[in-house]
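Scroll down for the structure; my scribbles are underneath it.
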Amino acid sequence: MLNGLDIEGRTLLHRLPVRGKLVLLFTAAILLFLTSDLRILGPALAAAAVLFLSTGIGLREAFRRVRFVLFTVALVAAANYVFVSPREAAAVLCRLSALVLLAAAVTATTGIPAFMDEVARLLAPFERLGLVRAADVSLAVGLVIRFVPEILARYGEISAAHKARGLPVRPLTLLTPLVILTLKDADTIAMAIDARGFRRH
Amino acid sequence: MDIVFTAATVSYAGRVALHPLSLTLSERRIGVVGLNGSGKTTMARLINGLVKPSGGAVTVDGLDTVKDEEAARGKTGFIFQNPQHQMILPILAEDIAFGLKNRGLDKAEIAARTAAILERFGISHLARRRVHELSGGETQLGAIASVLVTGPKLLILDEPTNQLDLRNRALIARTIAGLPEQVLVISHDLPLLDGFDRVLVFHEGRLAADAPPAQAIRAYREIAAC
Amino acid sequence: MDIVFTAATVSYAGRVALHPLSLTLSERRIGVVGLNGSGKTTMARLINGLVKPSGGAVTVDGLDTVKDEEAARGKTGFIFQNPQHQMILPILAEDIAFGLKNRGLDKAEIAARTAAILERFGISHLARRRVHELSGGETQLGAIASVLVTGPKLLILDEPTNQLDLRNRALIARTIAGLPEQVLVISHDLPLLDGFDRVLVFHEGRLAADAPPAQAIRAYREIAAC
Amino acid sequence: MTTRDIVLVALFAAIMIVLGLIPPVTLGFIPVPITAQSLGPMLAGCIIGARRGAASMLLLLLLVAIGLPVLSGGRGGLAVFAGPTAGYLVGWVVGAFVTGLIAERFVREGQKEVLQLAAFLGAAVIGGILVNYLFGLAWLAHMSGKAFLEVSLASAVFLPGDLLKAAIAALAGRAVLAGYPLLHQRA
Ligand SMILES: Nc1ncnc2c1ncn2[C@@H]1O[C@H](COP(=O)(O)OP(=O)(O)OP(=O)(O)O)[C@@H](O)[C@H]1O
Ligand SMILES: Nc1ncnc2c1ncn2[C@@H]1O[C@H](COP(=O)(O)OP(=O)(O)OP(=O)(O)O)[C@@H](O)[C@H]1O
Ligand SMILES: O=C(O)CCCC[C@@H]1SC[C@@H]2NC(=O)N[C@@H]21
Ligand SMILES: [Mg+2]
Ligand SMILES: [Mg+2]
């Protein structure tokens, strides 16, 4: 989802400024929660899917990127099916899937730098009030996007290490080395940011 | 102990990393060399089942690494390219003991074995040190101890002297030479393989040479020069 | 460019990592060798202000690394022991461009400089590749490009050939030889320092030798053998 | 904040996102899911302390607000802040802060291991559960028009899971303190 991997292209979404895309995503996320009407949510989902595929990403890659979140969404919908009603379950499924696909479409057509620039611009008014340093927050946003896939890869490596040592793979014993190793990396990354002069003081 | 590859092959996401490999390894000291990305780590991970063959099979002491995964894995110990990744608990002695916990041993026995292995590698003074603050050479020794404590018959080391200075390289070389266990070493540090029984050279996912050290390293140098 | 250490010393949590060091470096090709933990990385990090001296001072081209931190740092580029950690953005060209962003250049200028540096290292074809999928040698070249694009006068490389095979080692050695910039290389890979102007040997936080390569490496071997 | 603080803040926001990939459990009688993400504020407080911990939660909320589906079950967008779980989201920020405050004050390096564990557990329970629930339940009662007591009773279902998470956070906090201490280097 947040793998921050935009794909090359000149499609409509690619050409739309980042702000436009964020406003789109932002309004969609509000509107989708205002209704439970399947006659609106159904088409909304279809539209989101079309938009995502229109980025030229290709079916296989498109599915690969969202399958995990969609799986979670399906579980949430299933719970609604059991506890609330089939109607509500369908509404939840459409609403959340549409949101996921829209967000995926935005990430697929927006490079991290563009994203960071927009966050910095978005926060500029708050900076003027002395509340935040926009450049720092935008750097942090870029770093979050960088860290997510790295944590997942690290997780894979550490569970391999457990197996190699004949140990059962348990979340708790995985968590500690995962945190310590990523913290160590974080230190080097922080140093690299300074060494490369990415922050102006 | 015999390690047998029977037309074993590995693909990652459709790209072949290891072409069908058939090979029997039974020597006591086996080296593996080759360019970056030539498939060395992939081949070694097949042996302890961390990577599953996309085709063919690998057996260790007669045990299939897929069907008898756990039993086969118990025969081998693996030291990662970055051994810090395999230290699971923060204090060295805790980490070594952790490997023994699931084996139904009592506390006294675990403590005794931990102390013995630290003694064997001459690192008893590091027992209470933080794993992530050990120097490069100390980390390697600690990782080897934490793996050998469970009694594997074969030890696989993936580039064990990468970050090490001349003195630590000599230390690891001596340590390896002194191990009674069977050893397989992947390395870009060619002097480490002096005196080995057999050296495999990989190139683009294929076994390109298989000979005694001097001859194999010559073949590797030729590949690198192209 | 002159790098001047004046009784510069570094302690971490009370333990001395670098004893008072006084030294002027002005050669074009400077090597640094020594045992693990002897203070090489610490000394190099002093030069670009990543580590602050606990006592004494370090100046780069006349600029103090503490008082004129930013200006002094702008004179040097640093390639880390594991260069993957210094690639901040996921696409190589984006990462390179990111370094230019804070310098008030306009978009066209940034794009032009990025293209030029990729061209200079013959890696234009890697521009849109994911940083974390590059091979070891490609990652090193990309990191060097991303640092040199901002125009430092001195490039510091901390063990640049650690994980590399023979072919990539030769590539990095050729690349370094061809750089017009002043270069300081820390390395356990001794052949890399052939032809350097001056090699420093560190031992237990002190400068133990300071000589041309052959002589310095002999001194290092003696230290390692004790 | 130093560069290192910024990186740590980003790292824990990323950890929250990864925790969000674990499927939540939705319940019939309360519109709030059981989610692995409630572990995040406790972990952040125990490992990087009050200020940085709270900042990492704020950063996550910024990503939510932009519309990215970073909450469990792939949710995101401003609408969430008007939904039944909004109180908990604020609770995460304050909860991480309180957890961090208590941990910073009462955990010492060189203390006995059990004492450290107890202090971390206390911090996680007070910050990550008590404070978090206070915000979450107040908002939920306000939203649903039910009495505070009623929603409190219903939300007792979260307690076993959250106690387990507090224990995990305490163990991880003590392990990181032993292996790579950061807590007392203040932001
Ligand atoms: N998990 C993975 N997913 C996808 N591709 C992979 C994965 N692991 C390895 N590869 C690819 O498989 C090929 C062989 O990799 P391998 O790690 O076995 O090489 P190696 O010989 O150990 O190289 P090095 O000397 O750099 O360690 C490479 O092209 C590598 O990029
Ligand atoms: N951040 C730190 N905190 C505490 N001690 C440190 C820190 N960085 C380095 N040291 C210690 O300072 C000493 C010198 O370390 P340094 O990294 O400079 O050695 P090095 O010569 O680069 O070694 P290597 O060849 O292993 O890279 C070592 O004893 C090391 O443990
Ligand atoms: O995803 C959201 O919108 C917020 C969910 C909040 C869930 C709360 S946090 C405390 C309690 N423990 C849980 O497992 N769930 C609730
Ligand atoms: Mg390898
Ligand atoms: Mg070093």
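Per chain, numbering begins at 1; letters A, B, ... match sequence-line order.
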Fill in: Atom group of Ser72(D) that falls short of 4.5 Å from chain A, counting heavy atoms
neither
Fill in: Under 4.5 Å from any heavy atom of chain A - which part of Leu11(D)
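Both parts, heavy atoms under 4.5 Å.
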Discussion item. Does Leu59(A), at its CG atom, have more than 12 non-hydrogen atoms belonging to other residues, nucleotides or ligands within less than 6.0 Å?
Written reply: no
Worksheet item: Crowded around Arg15(A) CZ? As in, over 12 foreign heavy atoms under 6.0 Å?
Response: yes
Top of [options] for chain D proximity - count of heavy-atom pairs under 4.5 angstrom:
| options | answer |
| --- | --- |
| Glu150(A), Glu118(A), Lys184(A), Met191(A) | Lys184(A) |
| Ile189(A), Thr182(A), Val84(A) | Thr182(A) |
| Val137(A), Thr176(A), Asp185(A) | Thr176(A) |
| Leu122(A), Val73(A), Leu96(A) | Leu96(A) |

Item to complete: Determine which residues belonging to residues 157-178 of chain D lie within contact range of chain A, meaning some heavy atom pair is under 4.5 Å apart, and list them by number or answer 'none'.
Response: Ile168(D), Leu171(D), Ala172(D), Ala175(D), Val176(D)
Item to complete: Could you list which of residues 30-40 of chain A have a heavy atom closer than 4.5 Å to any heavy atom of chain D, in residue-number order?
Response: Ile30(A), Phe33(A)
Worksheet item: How many angstroms lie between CD1 in Ile22(D) and CG in Leu75(A), if you round to the nearest 0.5 Å?
Response: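 Between Ile22(D) CD1 and Leu75(A) CG, I get 12.5 Å after rounding to 0.5 Å.
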For [X], is it the side chain, the backbone, both, or neither that has a heavy atom closer than 4.5 Å to a heavy atom of chain D?
| X | result |
| --- | --- |
| Val179(A) | side chain |
| Leu152(A) | side chain |
| Asn80(A) | side chain |
| Val106(A) | neither |
| Phe71(A) | side chain |

Nearest heavy atoms of [X] and [Y], plus distance in Å:
| X | Y | result |
| --- | --- | --- |
| Phe147(A) | Ala10(D) | CD1-C, 4.0 Å |
| Ile6(D) | Ala140(A) | CG2-CB, 4.0 Å |
| Ala14(D) | Val148(A) | CB-CG2, 3.9 Å |
| Gly74(D) | Val100(A) | O-CG2, 3.8 Å |

Worksheet item: Looking at side-chain heavy atoms only, is the closest gap between Val70(D) and Val144(A) below 4.5 Å?
Response: no
Item to complete: Kindly indicate, with the supporting measurements, whether the criterion side-chain contact (heavy atoms from CB on, under 4.5 Å) is fulfilled by Ile30(D) and Phe83(A).
Response: CA-CA 10 Å; Ile30(D) 187 165; Phe83(A) 291 116; over 6 Å; no
